[in-house]
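The chains referred to below are lettered A, B, ... by the order of the sequence lines, with proteins before strands, and numbering in each begins at 1.
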Amino acid sequence: MAGLLQEYADLISITGGDAYKARAYEKAARAVAGHYQDVAQLDAKGLRQIPNVGRSIADKVAEYLASGSVPEIEELRARIPAGVRQLIAIPTLGPKKANVLYQELGISSVEELVDAIHAEKLRGLKGFGTKTEENILHGVRLMQSAGDRVLINVALELADELVEELSAVTGCVRCSYAGSLRRFRETIGDVDLLAAAEDPEPLMRTVTELDTVAEVIAHGQKKTSVRTRSGLQVDVRVVAPEAWGAALQYFTGSKAHNIRTREIAVHQKLKLSEYGLFDVDSGDLVVSQTEEEVYRRLGLPWIPPTLREDRGEVEAAQRGELPDLLTEQDIKGDLHTHTDLTDGVSTLEEMVEAAARRGYSYYAITDHAPNLYMQRMSDEKMLAQRERVREMDGKHRRMRLLHGTELNIDADGEVDWPPEFLAGFDLCVASVHSYFTLPRERQTRRLLKAIENPYVNIIGHPLARQIGRRPEIDVDLDAVFEACARTGTALEVNSFADRLDLRDEHIMHARRYGVKFAIDSDSHSTVHLGYLRYGVGTAQRGWLTAAEVINTWPLTKLRAFVRAKRPR
DNA sequence: GCCGTTTTCGGCCCGACTGTTTTCAGTCG
């Protein structure tokens, strides 16, 4: 539903419609996406209860739910090819330029645009210079660096649904996702599902009949590949129940990890395949039922999927030195969240309620500070929010509330408020929201300045990337990690699926300096609180243990961490 | 198109940067 509203907003912008109308649809899209109820279960009246959804949008949503289409949207779709809308996904290219390209040159796909630039067809077009061409080509390269891969949340939500549907099929003994999804890679090329059944036929047939299937790529007895309507490929493999462990190990990968484990097998005169671990001489099956058995027979402890990248996990396993990875259950609270006081869509009360339901023992509200001008924060508003937080604190017996803020690191590393004001917060996150392209030396100096600030406890989304849209900022990572370890400043693992920042390699790098981390959701809505699973997955890929993550600590220890950095 | 009221219209996120332009439009956060 949110996607449809956003599409309509884009189409309004591209066709030069009322900018405020477009913005109204964008706001509604965000509100719907972040709404705590299942929108499909609401009638027009219920829909109007959602903030920023009025009569007109509620009616359109209701109509869509009833009939599957909305005439106004269909009309704009007929005028603007879908490819034109893809153009505005290119960084630096917005609706106005996209419309010029379509109207003047008939360009309606990213591919056509790139061709047109190379053929110099944009020359002489008003508002398009050589630098614009360069920027567009650079933007396209950025987008394509993610390839045809999708963000992990998109793949995982689909996989969860499919696993549920397939598990219900008669004869299905087990079903699970495998592949890069099970390893929690940040982007996913295709969804690999594994099922166990004596008779694979009902499962294979069901796969081809799923609602979401747009195309059947391959359909066999043991394996079926389909493409969903959203364009994602799903491979489903069925094995006999007794081969479950070996198959899951095989299909989880990574390829490099599997090569290592098969080598180990070979050295022991064994052969490892998706059907089991076999004795080479006799051909007899040794083990196959569980992953644990397979690893154990190879002389290894079970290796968590998030480590299976051949990045030292096999050696660590052989030495008995695998890290005791943190899990979502270790997280005692979220330390970076927003409310509708700034750009969130849920109220303070809703956020706190939702956090309490997750069983947290503490929870920090960290709305944006004033220097991010679009958020219109003020000292008064922040202090008034603090009053409310203090009043609410204690109403949830098992969850304490912390009042913090997300500061804005300016080009010189300064933050929004003077020390006297910062001292009033329970903790502060500080993040880069601008000046992404400073030269390395200045970028590093800027970040170090913020890290040295005695009131900055967490650096939020430290490298400020957005997957497929914006590259990481260029900084001296060693200098940053050293400073964080020395000053007692945590680095965030931001759990938003298009950020996942720090990412796995940098986490591995940083922890060698003894850096502490905070795994936060950066929630702008109650539904975002659950995104924490992506941050936890990323943290596991970075080999993090609970001891290194400040929001697994008891509150007293967390408070001591904040206090230790502040002047006495 | 939504919202709030100084209610049935008028304001809506503000500022900066970039590139293309001669004074500003488009894009972004």
Side-chain angles (χ1 to χ4, degrees), chain A residues 4-32 35 44 47-63 70 72-73 76 87-101 103 117 122-139 142 338 340-345 367-378 381 406-412 416 431-438 460-461 464-466 469-471 473 494 496 498-499 501 522 524:
Chain A
L4 187 76
L5 295 174
Q6 180 63 50
E7 180 187 352
Y8 193 45
D10 289 345
L11 292 173
I12 292 167
S13 300
I14 292 169
T15 52
D18 180 7
Y20 288 115
K21 182 171 164 181
R23 187 182 295 173
Y25 275 93
E26 275 177 21
K27 281 161 78 175
R30 283 207 309 150
V32 165
H35 194 61
L47 290 164
R48 287 198 63 183
Q49 301 302 310
I50 303 173
N52 297 311
V53 174
R55 180 175 299 282
S56 175
I57 293 181
D59 287 348
K60 285 192 180 67
V61 171
E63 182 166 13
V70 182
E72 290 91 335
I73 300 176
L76 278 189
L87 298 181
I88 66 174
I90 301 170
T92 73
L93 209 165
K96 295 289 183 295
K97 283 197 163 74
N99 192 37
V100 170
L101 291 168
Q103 298 300 337
I117 290 173
L122 272 59
R123 302 291 163 88
L125 214 53
K126 192 168 156 53
F128 290 79
T130 52
K131 193 71 191 178
T132 305
E133 293 183 352
E134 250 175 64
N135 286 341
I136 291 174
L137 290 176
H138 180 248
L142 256 180
H338 297 271
D340 63 358
L341 184 62
T342 55
D343 56 351
V345 299
D367 268 314
H368 287 291
N371 290 358
L372 208 60
Y373 300 105
M374 59 181 167
Q375 307 298 351
R376 288 185 146 184
M377 180 50 78
S378 66
K381 281 161 85 172
E406 182 182 13
L407 298 164
N408 190 50
I409 303 175
D410 77 12
D412 297 314
D416 306 62
S431 315
V432 165
H433 294 112
S434 55
Y435 302 102
F436 303 109
T437 56
L438 291 180
H461 43 76
R465 73 157 172 178
Q466 279 179 348
R469 270 196 85 76
R470 187 169 67 215
I473 56 173
N494 189 292
F496 246 75
D498 64 349
R499 287 197 184 267
D501 177 15
D522 197 0
H524 286 66

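- Remark: A:Arg48 is not in phosphate contact with B:dC2, judged by side-chain N or O atoms under 4.0 Å from OP1 or OP2.
- Remark on DNA chain B: of its neighbouring residues A:Val432 and A:Asn52, the 5'-side contact belongs to A:Asn52, judged by nearest-heavy-atom nucleotide.
- Checking side-chain atoms of A:Asn494 against main-chain N and O of A:Arg499 turns up no donor-acceptor pair under 3.5 Å.
- A:Arg470 comes within contact range of the sugar-phosphate backbone alone, with a heavy-atom separation under 4.0 Å but no base atom that close.
- The CG atom of A:Leu47 sits 15 Å away from the C1' atom of B:dC2 (whole-angstrom rounding).
- Take the nearest nucleotide of DNA chain B for A:Ile57 and for A:Arg469: the residue whose nucleotide is more 5' is A:Ile57.
- Judged by distance alone, the side chain of A:Arg469 and the main-chain N or O of A:Gly139 form no donor-acceptor pair under 3.5 Å.
- Side-chain nitrogen and oxygen atoms of A:Arg23 include at least one within less than 4.0 Å of the OP1 or OP2 phosphate oxygen of B:dC13.
- To the nearest angstrom, P of B:dA25 lies 18 Å from CG of A:Leu93.
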Given A:Asp367 and A:Thr342, is the side chain to side chain donor-acceptor pair (under 3.5 Å) satisfied, shown in steps?
CA-CA 6 Å; A:Asp367 268 314; A:Thr342 55; 2.6 Å; yes
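- Of the possible polar contacts, none joining the A:Arg465 side chain to the A:Asp501 backbone as a donor-acceptor pair under 3.5 Å is found.
- Using a 4.0 Å heavy-atom distance criterion, A:Thr132 is classed as a sugar-phosphate-only contact.
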